[in-house]
There are 2 protein chains.
Amino acid sequence: MGSAILPHMPTMTSADLRIHNQVRLLRAVHDAPEPLTRASAARRMAIGRNTAAALVGELEEAGLLHEVPAESGGRGRPTTRLVPHPAGPIAFAADVREDSWTLAAIELGGAMRVLDTGEHDRTPGVFAEIREAVRRHATGRLAALGIAMAGPIRDGRRLHISHLGWDEVDLDEQLGADLPPTAADNDARLAGLAEARRGALRGVGTGLHFHIDFDIGGTLLLGGGAQRGAHNIAGEFGHMPLTGSPLRCMCGVQGCWSLDVGTNALMRHFGEEPGYGAGRGFARRVLERADDGDPEAARAVDRNAAALGRGLGALANALDPEAISLSGLGVDLLRRRRERVEEACRAGLMEFRRAEPPRIVEGTVGEIGPLRGAAEVAFDAILTPEWLRRRL
Amino acid sequence: MGSAILPHMPTMTSADLRIHNQVRLLRAVHDAPEPLTRASAARRMAIGRNTAAALVGELEEAGLLHEVPAESGGRGRPTTRLVPHPAGPIAFAADVREDSWTLAAIELGGAMRVLDTGEHDRTPGVFAEIREAVRRHATGRLAALGIAMAGPIRDGRRLHISHLGWDEVDLDEQLGADLPPTAADNDARLAGLAEARRGALRGVGTGLHFHIDFDIGGTLLLGGGAQRGAHNIAGEFGHMPLTGSPLRCMCGVQGCWSLDVGTNALMRHFGEEPGYGAGRGFARRVLERADDGDPEAARAVDRNAAALGRGLGALANALDPEAISLSGLGVDLLRRRRERVEEACRAGLMEFRRAEPPRIVEGTVGEIGPLRGAAEVAFDAILTPEWLRRRL
DNA sequence: TATTTTTGTTCTCGGTGAGAACATAACATG
DNA sequence: CATGTTATGTTCTCACCGAGAACAAAAATA
C-alpha cells in the first residue's frame, strides 16, 4: 500500500493505447526467459487473443516482430514463436575498458554477437576507433548505441575517469553527430543493470550490485532500473568512508571504502603502489597465495573481505536491499571468504535487521556485464512509445 | 535517454483509460499549488475541454469533485474552481511522537485540520488511544489512515523503536481490523515525502531529506516518492559509519553517523548520558549558549555541523542528489553554521563533484512534516485506479 | 474415427478522446 | 449603450481501441 514512486500517468488516446500495448508486447518478447507465442503473450499481458493477433500483425508489418513455426508442444492447434524480425532494430553495445574496447550487436530478445575488439592508448582517441567500428558494422537496422565506460559520466556525456587522466571529456564531441541515439553510462552501473534484467537480481524489487576491480563501485537497483541520480553520477559507494581508513583517496577525499576493498587495497597491504594495469595480475597472485596457505596473503584477503562486508552492512542499513550481487573480484572474495563477508556485514547491520540480512550472491552475468547492460539501455531507448510512433 | 525505472505498463481497456484519466485529474487537483479550473486542468493534462467536462461530471456524480464559481479573472466566460466534494474522501493522519500523538483530517487538495492530540505512556497502548480517537472522529468520508512513527516499521507493520523499548510490535494487532486502509511509515521518511510533495524538494527528481532530533534519519526521494527498500526499512543513513566515531551505538553497531549528529551528540559532548525526553531542552540551551558566545557550546555545535556536512558529502557521492533538505535540529544547525556544514560536505565530495555540489536547504514543511507525509501516503492509497473503480 | 485440447479467426459491441463548430458570458473599447 | 474581443463551456461527429463470444482449425489421445 503506497508505492515508492508516483506512477507516471501520461496523456493517452485510443491510438496511444495501441502503441502502449505494442511496446508492452515488444518488451515482453525482449525480457522473456524463453520465446513467447501469441497465446502466451496474450496471457502474460492479460489481453484477448484477437488483440494479441492484431498487435503481432502490426508489429510484423512494421518489421519489428516475426513469427516462425514453434516446435510441436503436445495437443492443440500448432502455434508460432515470436522472434525478432529479420529487419528489426539492432542495438550496438560498446564496452570501453582502460586499455581495450569491445563492440557487440544485440537484437530484440537479447541475443548478442561480438563484432569487433581493439586496444587503445588510453586517450579519448578510443572514441574515434569506436566510431569507425560502428560505421564499419552498421546496417540500416542499427537503432541505438549503448556505451559502458570505466568511470562516471556526468549528465550522460561529461566523462571523469581519473585513472585515465580524463577530466571533462565531452562524449558528444568525441563521438560526433552521425551515430544513432547513444546512451553512455558507468560500467559498474551497467553491470548491475545486467544483473537486474538478466542475472542474479532478476525480479528483485530493491537490489544493490557492486563490481570490485581496483576499487569498488556499484549501483542501487529499483524495479529493474538503476538509480542514476540528478547528474547521472550516483553509485560511487566506494567513495564513502565506511571502513575508517585514515588514507587519502585519489578521488580527493579522505577515508573512502575503496581504500580497503579491491585490488588497490591488496597492493597497498604488500607495500606496492596502487595503480592500474598490472595490478590485476598482482591480485590474482595474492588470491592464489592465500589459497595455498601463505599467511600474509590470507591476512590481506581476510581484511579485504571484512571491509567489503562492513560496507555492505552499512549500505543495507541505509538502502534496505533484498539482495546484493557482486562481480569482478567480488566473486573471488565471496567464494573464498563468504563467512567473513557475511559476518562483517551482519556486525554492521542494526540489531533488528540481523534476523533477515540481505542475500549476498555472486553476479551471474559475468565479465560481459557492462556490455550486456549497455545493450539494455540501448533497448530501453528503443522500446518506448515515442520510438515506435516514429517507426510505424 | 533511458529512464532509471522501467515504466509500469498495465493492461488497459477504454474503460481503464477513463479511470486512468479520472485518477490523473484527482491527482492534479490534489497536487496543484493553486485551485484548478476545468480549462486549466484540460491544459495541464493535455486533453480536450470536452473530455475534461466529462471527467469532472463523472467525478462530481461520484462525490469526489465539486465545482464552485471562480472569482472573475478578466475577460472570458466565467468558470469554476475544482474543489473537494463535500462528500469526498478524507484521510486521517496520525503522528506518534515518543510521548504524545496528534490526529488530523486532510481532504483532497491538502487542507489539513487537527482533530485531536494526546499524551501517552510510551507503551503500545498508544494505539488504543489512536483507534479510539479515529473512531470518535470518523465519518463515512474516512477513506484511509496514514500513521507516522518515530522508528522503523518493517514490512509496513512490524515496529522496532529502540528508544521506546518496542521490539517486534505488530501494528495490525495493535490497531485491530476495523480501521480504514492504513499505511504506517517512519516519521523521517514521511517528513521527506512532505518536502518532496509540498515543500523544499517539490519538483526535485533526486533528493535527500534528513530529520535531526536526538539522532539523524532520512530518506532518498525519487520522482516525488520515497525509497522504502525491500522491507520498508530503508533510510537509516544515521546508522552508517560516516564520521569515524569509535563508539558503539544503541542500534547495535559501532561507529554510526548518529553518534556525531543530533541532540545525543551534543549531550555526549558535555558528558551527559544520551537519552530522550529532556534532551531537546538541553540541545536548545546548547544552541543558545553557542549563540551567546560560550566557547564550549560553540565547539559542540561546530562539531555537530561538521559531522553533518561530512556525512552529507559521503551520501552525495553515493546517491547524487540535486538537493538535500533538513528539518528539526538540522534547520538550527544550517542557520547557525551553514558555511561549516557546506565546507565539510565539500571536503567529503569527490573532486569532480565540487564544482556543482548539491543544494542544502531548510525544509519548509516544518514540524508537521511527518503528519503531512502521513496524509500524502494515505492519499496515495486513494488516488489509484483500484480505489476509484470500487468507488464508482 | 471420435473426442479433447489448444490456438487462431471473425464478428459485434461499447468504450474512449479528439477536433471542430458553435454558444455563452464576461470585459474592453469606442 | 453597442460592438468587438476573449476565454470557457457545450454539442456533435469521427475514428480509434480491446473484450467477449462463437466458430474454425489442427494437432494428440483414446
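First the proteins, then the strands, lettered A, B, ... as listed; each starts at 1.
Ring centroids of A/Phe92 and A/His137 are separated by 6.0 Å or more, keeping the two rings apart.
You'll find the side chain of A/Met9 reaches within 4.5 Å of the side chain of B/Val23, heavy atoms only.
Of all nucleotides listed (D/dT8, D/dA27, C/dA28), D/dT8 comes nearest to the side chain of B/Arg43. Each of D/dA19, D/dG9, C/dT7 was ranked by its minimum atom distance to the side chain of A/Thr79; first place goes to C/dT7. For B/Ser14, the listed nucleotide lying nearest its side chain is C/dG15; candidates were C/dT9, D/dG4, C/dG15. Of the candidates D/dT10, D/dA22, C/dA26, the closest approach to any side-chain atom of A/Arg49 belongs to D/dA22.
Here B/Ala46 lies in heavy-atom contact (under 4.0 Å) with sugar-phosphate atoms only. Residue A/Asn50 is classed as a base contact, given a heavy-atom separation below 4.0 Å to a base.
Judged by distance alone with a 3.5 Å cut-off, no donor-acceptor contact links the side chain of A/Arg75 to the base of D/dT29.
Here the P atom of nucleotide D/dA28 and the CD atom of A/Glu71 are 13 Å apart, to the nearest Å. Between A/Glu67 atom CD and C/dT7 atom C1' the separation is 12 Å, expressed in whole Å. D/dT8 atom C1' lies 14 Å from atom CD1 of B/Ile47, rounded to whole Å. In this structure, A/Arg77 atom CZ and C/dT4 atom C1' are separated by 16 Å, rounded to whole Å. Between B/Met12 atom CE and C/dG15 atom P the separation is 18 Å, expressed in whole Å.
At distances below 3.5 Å, not a single donor-acceptor pair connects side-chain atoms of A/Ser325 with backbone N or O atoms of A/Val361.
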